[in-house]
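One structure below.
Atoms considered below: every heavy atom in the structure, side chains included; atoms not considered: hydrogens, waters and symmetry mates.
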Protein chains: 2
Amino acid sequence: MNRSASIKDVANHASVAVGTVSNVLNYPDRVSQRTKERVLRAIDELGFVRNDAARQLRAGHSRTIGLIVLDVGNPFFTSVVRAAEDAAALQGSAVLLGDSGHDASRESNYIDLFQEQRVQGLLISPVGDVTARIDQLRERGVPTVLVDRLADESKYSSVSVDDDAGGYLAARHLLDTGRRRLAFVGGPTSIRQVADRLQGAERAVKEESDATLEVLDSDGQTVLAGRSVGNLLVERGPGELPDGIFCANDLLALGVMQSLTMTHTLRIPEDIALIGYDDIDFAVSAVVPLSSIRQPTEALGRTAIELLAEELESENPKHRAVIFTPELVVRQSTAPAKGSSAR
Amino acid sequence: MNRSASIKDVANHASVAVGTVSNVLNYPDRVSQRTKERVLRAIDELGFVRNDAARQLRAGHSRTIGLIVLDVGNPFFTSVVRAAEDAAALQGSAVLLGDSGHDASRESNYIDLFQEQRVQGLLISPVGDVTARIDQLRERGVPTVLVDRLADESKYSSVSVDDDAGGYLAARHLLDTGRRRLAFVGGPTSIRQVADRLQGAERAVKEESDATLEVLDSDGQTVLAGRSVGNLLVERGPGELPDGIFCANDLLALGVMQSLTMTHTLRIPEDIALIGYDDIDFAVSAVVPLSSIRQPTEALGRTAIELLAEELESENPKHRAVIFTPELVVRQSTAPAKGSSAR
DNA sequence: TCGTATTAATGAAACGATTCAAAACAACCA
DNA sequence: TGGTTGTTTTGAATCGTTTCATTAATACGA
C-alpha cells in the first residue's frame, strides 16, 4: 500500500458520496446513525487519515501558529514555548516552532517558511527591528503578537515582563531584610533587561535615605563573569564590602557565590546577602539555595496565544500590551541578618 | 488586501500563463530572460508567496520531517534538535518539533498530527513501545528513525549512544590517573542508561587487579540527590573513602562536589577525583571544573536525518543502527593525584 | 522563401478535502 | 393518495499549485 487512502476511497468502500464522508468527519449530526457507522468502519478498514494539505487549501488557512524564539535552549523560552503549545492545543491549533538563535537571517527564513505554510498568526520574540515585516504580514491577514518585548499598544499586541518591577522587587527585598550597602552586578547596560533591572533597583534604594547602591559591571552574564566580580570583592577590606548583592541573572549570582564561599572568609547570607534573577533550576540546589526573581513564563506563553486569538476574531485591530510582574522567590541566600529588624 | 495573491493573479498581472509562473519558480532555465523578469516583477509587486498547502497537495507529500523528543528542555535533546534542523535545512526540509514530555498520549497525538501533515518521515525518541505504530506508518510510506534508542537493525534504523562505552571511558580515566578505590554514584539501575554506564565502569575496573568499585545508590539524578550521597561520604573515616568517584550524570556530580568542598576536609582532585556524565554547561563553571563524558548530540541529530534520507531513497528497507561513542572531557576535577604515575 | 529543428509558452487536468444547492427520502396528516 | 415538512444524501465546484502534452515562436540553413 503505497498511496494512502483518500476520502474518495472511503466513499467507494462505504458506498456513499464523498460529501457524506466529509460530513461524518466534520458534522456528525447531519449523518444518520446507520451510514455513520458504515463510513467509520470503512475509515478504519482503509486506515484513512485526513490530508491536512487539501484541507487547508480549501479552508484558505492552516490550523497552525508560528512561534519564533531567540533560543530554545534558554529555559525561559522553553517554558514559554510549552505553555503556548498547551494553550494552542486547547483551541485546536498546533504550534510550529522556530529558533532564530539571535540571528536575523534565520529569523527571516522562518517568517518566510511560516508565510508559505499560511500560519494563522505569528508569535515572535524578535532579534532586530521586524516592524516592517510584521506590518506586511498583517496586511496579508496574518496577525502577530510580540513576545518578551513591550510594543506600542496602538500598533501591536505584545506580552512582556516588567524588568524594572523585578529589579525593584529584588532590591526592596534586600532592604527589607536589613541590608543597606547594596551592589548591583550586571553585564553591559546596553542590554535592555539589564538596564531596566538596575533602574528598578535604584528606585528601591532611593526610598531609603540611608541606603546606597554600587554598580559592578560584569563581562557578560555567565557563571565565570560572576566569579570574576566575586574575586574582586573578596580582595576588598571588610569596611568596603556591600552587605547585599543583586545580580542581573542567576548565573552571575552563582558565580559570585562560588568566589565568596570558596575563600571561606565571607558567609552567605550572614555577611553578604545574594539574590539573582530568573529562578533557574540550579538556584534551588546551589550550595546556599539562591533567592531569585521568577518570571511568569507560563502566563506569557498562554497570554500570547490568547492575544493572537483576539486579533484573529475581530476584524478591526484593537491591540493590547500585557505586562506581567515577576515574583520574588525567597531562599536561604537572603535570610535576614542576625539582629536586624526586617520590616 | 485580504486574500493573498495566487499564482493566477501573478499570471494575469504579468500577462502570461499560470504554467509559466510555475516554471519561473521551479525551472527558471525553461523560461526566457525577458518573461522571467516580467514575472518576477509581478511577484514582487503583488507580494506573492507560494501556498505550501496547494504545493504539497499536488506533490502528495510535504517537505517536513516530524521530530518527537522526550523533553525539549533537556540540553541533550535541545542540541539534537538543533543539529537535526540544520541538517534538514540543508536538504530543503523543515522540522516539525513535538515534545512528548515522557507522556505516551502526547506522543500519540503528535504522531497523529504529523500523519495528517503528511510528513516525509519521522524521528522519534519514544516514550513506550511504539513499534506497532511505526510499522503502520511505514506501510503508509512514512519511514521512521529511532533516536537515542538502540533498535533491532533488521527492523528499524536508529541512532544511539553507547552508554557502556561511556561508563568504561570514565572509569578507565580515573584508573589511568592513578585512582584505585572507585565509587559509582547513580540512580535506580532500572534506568537503562544508568545500568549501562555502571556496567562499562565495572568492565574497566576488572581490567586492574588492584582496583575496586563500590556502588552508591542515589535517590534520583539531581543535585540534591548527589549532595545526600556526598554527605554520607564525608562522615566516613579516611581509610574508608574512595579516591575516585564516577557519577551517572553531571547533576549528581555537582551535588557530590558541593558536599565535599563545603566541609573543607576533602579536596578535589587531590583527595578524591570526580567525573560526571553529559558535560552540561555548568560542568565547566563548577567550583572545581568538572571532568565529564560528552555525548555527540550534533552527530546524533545529523545522522538521524541522514538515515531518514536513506530510507526515503531506497524502496526496499535496509536499516542501519548507528551507535556513537561518547567522548572524554578532562578538566580539573580529575587532575592526576600528586606522585601518581598515570600511564 | 520555405522547411525543419529548437526553444518558449500555454492551459487543461489532477491532487484531496469542504461546501452547498439540489435531489432523494422519510414521516406525517388530511 | 397527495401534499407538506423535515431529514439525509448527493456530487459538482472550488481552493492554488504542478505537470505535461500541445501549440506558438524563433532560429537556421538551403
Practice item. Could you pick out which residue, B:Ala54 or B:Ser15, lies toward the 5' side of DNA chain C when each is mapped onto its nearest nucleotide? Key: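 The residue closer to the strand's 5' end, by nearest nucleotide, is B:Ser15.
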
**Study point:** Earlier contact from the 5' end, DNA chain C, for B:Arg118 and B:Gly19
**Key:**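 That would be B:Gly19.
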
For [Y], does its backbone N or O pair with a side-chain atom of [X] as donor and acceptor, under 3.5 Å?
X	Y	value
A:Arg63	A:Gln120	no
B:Arg140	A:Phe48	no
A:Arg55	A:Arg50	no
A:Thr297	A:Phe76	no

Return the value, rounded to whole Å, for the distance between atom [atom1] of [X] and atom [atom2] of [N].
X	N	atom1	atom2	answer
B:Asp29	C:dT6	CG	P	18 Å
A:Tyr27	C:dA17	OH	P	16 Å
B:Arg50	D:dT18	CZ	P	5 Å
B:Asn23	C:dA12	CG	P	16 Å
B:Asn51	C:dA17	CG	P	16 Å
B:Leu25	D:dT19	CG	C1'	14 Å
A:Ile7	C:dT18	CD1	C1'	8 Å
A:Asn12	C:dG16	CG	C1'	13 Å

Exercise for review: Could you say whether A:Val18 or A:Arg34 is positioned toward the 5' end of DNA chain D, judged by the nucleotide with the nearest heavy atom to each?
Suggested key: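 The answer here is A:Arg34.
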
Are [X] and [N] close enough that a side-chain N or O sits under 4.0 Å from OP1 or OP2?
X	N	value
A:Arg55	C:dG16	no
B:Ser22	D:dT18	yes
A:Thr35	D:dT9	yes

At 4.0 Å (heavy atoms only), tell me whether [X] reaches a base, stays on the sugar-phosphate, or touches nothing.
X	result
A:Val31	sugar-phosphate
A:Arg58	base
A:Gly60	nothing
B:Asn26	sugar-phosphate
A:Ser32	sugar-phosphate

Exercise for review: Using a strict cut-off of less than 4.0 Å between a Lys/Arg side-chain nitrogen and an Asp/Glu carboxylate oxygen, indicate whether A:Glu107 and A:Arg133 qualify as a salt bridge.
Suggested key: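 A:Arg133 and A:Glu107: not salt-bridged.
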
